[in-house]
Peer 1: 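Got a structure here, written out as structure tokens. Questions coming.
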Amino acid sequence: MLIGATALLLGGGGLAAYATTALAGNNTPGTTGHPHTASAAFTISCPDVGERLRTVPRSAQLPVSKGLSALDKQVHDAYHKMMGGGGTAVMSPLKAQREKTIRMMVTAIAKNTKRPGYLLKMSGCTTKPVTEGAGAGGNDSTKSVQDGWYQGQNPTQDQQGQDQQGQQGQDQNQQGGQDQNQNGGQQGQPGGPSPDDFVDITSVQPNADAPPFAAPKGGNASTGTFTTECGRNEDGHFNSDNVIVTPGVSNGAHHTHDYVGNKATDAFADDNKLAASDTTCTNGDQSTHYWPVLRKLDGNAEQKPGAAQDANVGTTLTPATVTLTFRGSQVGQVEAMPRFMKIITGDAKAFTNGTKNANASWSCTGFEDRQLKDKYPLCPEGSQVVRTFAFQNCWNGRDIDSGNHRDHVAFSDQNGVCPNGFKAIPQLTQRITYDVPQGDSFAVDSFPEQLHKPVTDHGDFINVMPDQLMSKAVECINSGRKCD
């Protein structure tokens, strides 16, 4: 097998997040105050209730937000209790907690629309071993960028069977992994990452020959671009909210987000507040762009929500550059996206959910023809780490959001064709670079049970462009010009 193909293996196994010896109660204090141990690792995998939401009436939005945040906290707490000596005895109380929370959500939704009773079947969770070579969905190691991880192809199309196969392999409660330090990670980082989550970028074979890494081309393609300059969060706009998924709830993300663009963005920023806000963008674009922070693994345990209180330890790294570019379609013109449309790309729970919605992309400057799905890159001296988020480029023409924040948008297929009933819109690509210390010394913020895996990386976008600016962007893209 080629080294470059190996680098695309999903999962980065071998992580001893916490120990199976913890099941016997052999405890060691950890960085965040939770007891941790060392040996082969397990994590907790629960059905993703948010992914299964379809219709959430306005009256139910706050109860649903509170419910989703509570579900995340319940898994967080159960995970630390299990690995702190509670063992699998935590699973029954976790199920009971989830049943109560999900029932509350179902009741709130049912007041104004059809009762989503199917959610009540999603309370039970499983333990999953973190085994050598077992990844988020067990994906074929020879898969490359053009095989559907990014636009050119909906990631669900080629990978559902592989996801199921990988899930079956992970559902077996077998011990696996390699011993790491007492916190299960590196340099005081609780729960990961593992050295196996890193790869030397120079050993990876080129694999990025599809959009968004290659520009649209062809007789009918809209080949222009529109770039909006919004800085790199020099103002230090951080919070652990998620206004798209859990509006109205403080610390709804349980990890810290990095923001550029709209200065008012937090959990309580509705459309009116966003429309009235100042922006860091130089062209008056009031859009919101955010993503999980990248941390230097230096043991800095900042005791606040989203940071060490949610098992995210290390000093926050400020991006060296942030580039926000909208591109066209391979097959024709694009249409304006509506104001206040919300889009999420990637999956913060991809390590346990599988790769259906995963869309992480890691590389190094000077090597961006080599993109990693589930590995952090080790870059040569003088080269920066690069994160790239390619957003969905098709819209259903009706909705600015959907119950699971995904159904109203989609990726085109590998030929640039949108699904039936969808139309092409400008495709946003967020490209972020970092100066990081040499070595495997950084990690993205994550939910604790996701073990800081690079496959969980994700980006968020709310379009708050004034209509006139959006019209300019569309005209530039469709006419083949490069504008900013």
Side-chain angles (χ1 to χ4, degrees), residues 5 7-13 15 43 45-48 50-52 128 130 133-167 169-170 192-193 197 199 207-208 210-213 244-245 253 255 291-292 343-363 371-377 386-393 404-407 409-412 414 427-430 432 443-447 449-461:
L8 292 172
L9 267 171
L10 283 175
L15 169 63
T43 190
S45 178
C46 300
D48 191 343
E51 169 64 21
R52 293 294 305 279
K128 290 194 175 185
V130 184
N139 203 29
D140 184 348
S141 65
T142 62
K143 285 284 180 183
S144 61
V145 172
Q146 62 269 32
D147 287 319
W149 198 269
Y150 311 98
Q151 179 260 329
Q153 183 175 322
N154 189 323
T156 66
Q157 293 176 351
D158 276 358
Q159 296 172 349
Q160 288 175 341
Q162 294 163 2
D163 288 347
Q164 292 169 1
Q165 182 180 4
Q167 291 290 92
Q170 289 188 41
D197 291 325
V199 66
N207 59 3
F213 306 102
I244 295 179
V245 178
H255 52 260
W291 46 81
I343 313 181
I344 298 171
T345 191
D347 185 357
K349 300 174 183 176
F351 185 61
T352 57
N353 279 354
T355 62
K356 176 182 177 182
N357 294 313
N359 198 12
S361 179
W362 297 88
S363 191
Q371 296 290 325
L372 304 172
K373 300 173 181 180
D374 78 319
K375 299 285 185 182
Y376 293 118
V386 184
R387 300 163 77 182
T388 305
F389 302 117
F391 284 72
Q392 294 86 325
N393 59 330
N404 61 3
H405 314 292
R406 297 186 188 275
D407 289 347
V409 290
F411 287 96
S412 64
Q414 60 187 358
Q427 183 183 31
L428 170 64
T429 302
Q430 298 170 340
I432 308 132
V444 69
D445 267 17
S446 75
F447 295 103
E449 76 281 1
Q450 300 301 315
L451 312 181
H452 300 279
K453 293 294 187 181
V455 74
T456 65
D457 206 11
H458 57 282
D460 301 76
F461 169 64

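The first residue in the sequence is number 1, and the count goes up from there. Fair warning: this is a prediction, and the values are worked out from it, not measured in the lab.
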Peer 1: Could you pull out all residues at least two apart from Thr345 that satisfy side chain to side chain donor-acceptor pair (under 3.5 Å)?
Peer 2: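 If we apply the side chain to side chain donor-acceptor pair (under 3.5 Å) test to Thr345, skipping adjacent residues, the hits are Asn359.
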
Peer 1: For Asp407, does its backbone N or O pair with a side-chain atom of Asn404 as donor and acceptor, under 3.5 Å?
Peer 2: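 It does hold such a pair.
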
Peer 1: At what distance, to the nearest 0.5 angstrom, does CZ of Phe391 lie from CD of Gln430?
Peer 2: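 Here the interatomic distance stands at 3.5 Å.
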
Peer 1: Of all residues at least two apart in sequence or in a different chain, which pass the side-chain contact (heavy atoms from CB on, under 4.5 Å) check with Pro454?
Peer 2: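 Applying side-chain contact (heavy atoms from CB on, under 4.5 Å) to Pro454 gives Asp197, Trp362, Tyr376.
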
Peer 1: To the nearest 0.5 Å, what is the distance between SG (Cys46) and NZ (Lys349)?
Peer 2: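 Cys46 atom SG to Lys349 atom NZ measures 8.5 Å (nearest 0.5 Å).
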
Peer 1: Any sub-3.5 Å donor-acceptor pair from His452's side-chain atoms to Ala443's backbone N or O?
Peer 2: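 Such a contact is absent between His452 side chain and Ala443 backbone.
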
Peer 1: Look at the side chain of Gln392 and the backbone N and O of Phe411, then say whether any donor-acceptor pair between them is shorter than 3.5 Å.
Peer 2: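 No, the answer is negative, given that no donor and acceptor are paired below the 3.5 Å cut-off.
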
Peer 1: List the residues meeting side chain to side chain donor-acceptor pair (under 3.5 Å) with Gln450, not counting sequence neighbours, and say none if there are none.
Peer 2: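 Here the qualifying residues are Thr352.
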
Peer 1: Return the set of residues passing ring pair (Phe, Tyr, Trp, His ring centres under 6.0 Å) with Phe447 (not counting sequence neighbours), or none when no residue passes.
Peer 2: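 In terms of ring pair (Phe, Tyr, Trp, His ring centres under 6.0 Å), with neighbours along the sequence ignored, Phe447 is linked to His255.
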
Peer 1: Return the OG1 to NZ distance between Thr43 and Lys453, rounded to the nearest 0.5 Å.
Peer 2: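 Separation between the atoms: 9.5 Å.
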
Peer 1: Taking side chain to side chain donor-acceptor pair (under 3.5 Å) as the test, write out the residues that go with Asp460, two or more places apart.
Peer 2: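 Scan of Asp460 (side chain to side chain donor-acceptor pair (under 3.5 Å), adjacent residues dropped) gives none.
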
Peer 1: CZ/Phe461 to CZ/Phe389 distance, rounded to the nearest 0.5 angstrom?
Peer 2: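 One gets 14.5 Å once the value is rounded to the nearest 0.5 Å.
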
Peer 1: Among Asp457, Thr456, Val455, exactly one meets side chain to side chain contact (heavy atoms under 4.5 Å, CB included) together with Ser446. Which residue is that?
Peer 2: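 For Ser446, the side chain to side chain contact (heavy atoms under 4.5 Å, CB included) test succeeds with only one of Asp457, Thr456, Val455, which is Thr456.
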
Peer 1: Is it the case that Glu51 and Asn357 place a side-chain donor and acceptor less than 3.5 Å from each other?
Peer 2: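 Yes, because at least one side-chain N or O of Glu51 sits under 3.5 Å from a partner of the opposite role on Asn357.
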
